Every structure is written in structure tokens, then in C-alpha cells.
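To start, the structure itself, in C-alpha cells.
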Amino acid sequence: MTKTTHFGFKTVSETEKAHKVADVFDSVAARYNLMNDLMSLGLHRLWKRFAIDASGAKAGDRVLDIAGGTADLTALFVKQVGETGQVWLTDINNSMLTIGRDRMLNEGVTIPVAQCDAEKLPFPDNYFEHVSVAFGLRNMTHKDIALKEMLRVLCPGGSLIVLEFSKVWKPLQPFYDVYSFKILPTMGQLVAKDEKSYRYLAESIRMHPAQEELKQLMQQVGFERVEYFNLTAGVVALHRGYKF
């Protein structure tokens, strides 16, 4: 039997989901940064800065940025680890990865770049001091397999940070639903000429594990000292875990 999974609120085959997610990011890549600023009122920059600080990355460290897309976290990590460190920018989507690579080159920074699937990372065991994935885990079909891969490539003592949309504070839920399912798709149509992709964004957030569920999943695959921090009333959560 063909294995199925969810694509937003729809049930599709795993193969179909991979193609549909690729289509979404091919479509939104050109306006991705602009839409992030509009959707979050610029708060995504503060969330990402918090993620870098929470990672504990320091000069000389090796960092893997998974689903790094337009290289927001990558650029911050490069400054954090300095010339003696190393930051890999990776993404499964070529459209997004190209934008991130070109951005870094335009800033005069040359870094290693790889197009790869987070469920099959092409890196050796125990290589990176830090692994990050920001707003990418919810799009992965087998989150447990991807998390196991992240654990595998981490050095003992290394940290994983997962920055992702999560379950908002309950009193704000009705307002957040109106924003997600009414305002956001309209904004996507007006700015990016793509209502469907931003409707998928809202649906994918609702299907993603909530804070405690993701914490438990990280623990189940082998991460230790797992904790999370709610940002902006739980609109976003940062999860952090370690490999020992």
C-alpha cells in the first residue's frame, strides 16, 4: 500500500507531499523574505536572533543550518563562529537554496552549500557542534527520522535548536485563527500572487506537533535536556536539546 501523510489538512501520498512542498517553496521563494517581514511584523528577526543566542555557538564551532533557505540563520551563525568556524547552508529546495547562497556571496561570504534531504544528511557522524532548523521541521514527512539524522551528525555535547511555529496561548487562539485563515492567504495573494501556498502555511502550522509533543519526540529519538521557550505567546517556540 502507498504510505500517506498530511499536506496541510489534506491526506496525500508521501511522494505527492514531497512534490507539493517543493512547489510551495518554488512559488514563494522570490518574495519569501518580504512576506516574512509582513507576516511577523519583523518579529522573525528577533526570534532568529534568540535562536542563535540559545544555540551557544562560539568562535571556531562547526554549524549545520538545515532548511536554511534564504540564509537568515546562516548569516548570523557565520558572524557568531568567526573565521575559524564553519557554517553549512543546506536546503532540500533549490530555489530557496540559490537565494541563500547568492545572498551570502553578495555579502562577500563564501560558505559550503549543499542541497540535501534532512532525512538523509550527507555528513559524517559526530561532526557538528550545533545543528539548527528554523521553520522547516513542520514540512518534513518523517520528523522522527530527520531528528535522528540531526542527532547522528552532532558531536557529543552538541546542541540542536528547532525554531518553529507552535501552539499559541489559548485566549489568543480565535484571533490567531482569523489571521491565519483569512488575513494571511489574502496577504499572500496580494504580495506574492499565491493564496494557496500561504493557506498551506497556516494549515501546516496546525498539523505540527505542539510544544510538549515536539519535546517528547526529541526525547524519544535520543536528545537529552530538552526544553522549549515560547516566543510571542507561543506563536513560535524554540526547542533545544543536546547529544551526550
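No experiment lies behind these values; they were computed from the predicted model shown.
A side-chain N or O of Tyr127 and one of Gln86 form a donor-acceptor pair less than 3.5 Å apart. For the 3.5 Å distance criterion, the side chains of Tyr228 and Glu212 qualify, holding a donor opposite an acceptor. Side-chain contact check for Arg206 and Ser180: at least one donor-acceptor pair (N or O, by modelled atom type) lies under 3.5 Å. Residues Tyr200 and Asp194 have side chains that never bring a donor and an acceptor to within less than 3.5 angstrom of each other.
Below 30°, between 30° and 60°, or above 60°: for Phe135 and Trp47 the angle between ring planes is between 30° and 60°, a tilted geometry. Aromatic ring orientation, Phe181 versus Phe9: tilted (interplanar angle from 30° to 60°).
Among all heavy-atom pairs drawn from Asp65 and Ser132, the shortest one is OD1-OG, 3.0 Å. Between Lys143 and Pro209, the shortest heavy-atom distance links the atoms CE-CD, 4.0 Å.
Shown here is Lys48, whose NZ atom has more than 12 heavy atoms of other residues, nucleotides or ligands within 6.0 Å. In Phe244, the CZ atom is crowded: over 12 heavy atoms of neighbouring residues, nucleotides or ligands sit closer than 6.0 Å. For CD of Glu83, the number of neighbouring non-hydrogen atoms (other residues, nucleotides, ligands) closer than 6.0 Å is 12 at most.
Look at Arg45 and Asp72 and you find no salt bridge, because none of the NZ, NE, NH1 or NH2 atoms lies under 4.0 Å from a carboxylate O. For Glu203 and Arg199, the salt-bridge test fails: no basic side-chain N is under 4.0 Å from an acidic carboxylate O. Between Glu164 and Arg138, at least one side-chain nitrogen of the basic residue sits less than 4.0 Å from a carboxylate oxygen of the acidic one, meeting the salt-bridge criterion.
Side-chain contact between Phe223 and His239: absent, with no pair of heavy atoms (C-beta onward) separated by less than 4.5 Å.
Partners of Arg152 by salt bridge (Lys or Arg N to Asp or Glu O under 4.0 Å), not counting sequence neighbours, listed by chain and number: Asp125, Glu149. By the side chain to side chain contact (heavy atoms under 4.5 Å, CB included) test, Val178 pairs with Lys182, sequence neighbours left out.
Of the candidates Asn139, Leu97, Asp117, Ile66, Asp117 is the only one forming a side-chain contact (heavy atoms from CB on, under 4.5 Å) with Ile92. For the side-chain contact (heavy atoms from CB on, under 4.5 Å) with Val226, the qualifying choice from Gln220, Gln216, Arg240, Gln219 is Gln219, the only one to do so.
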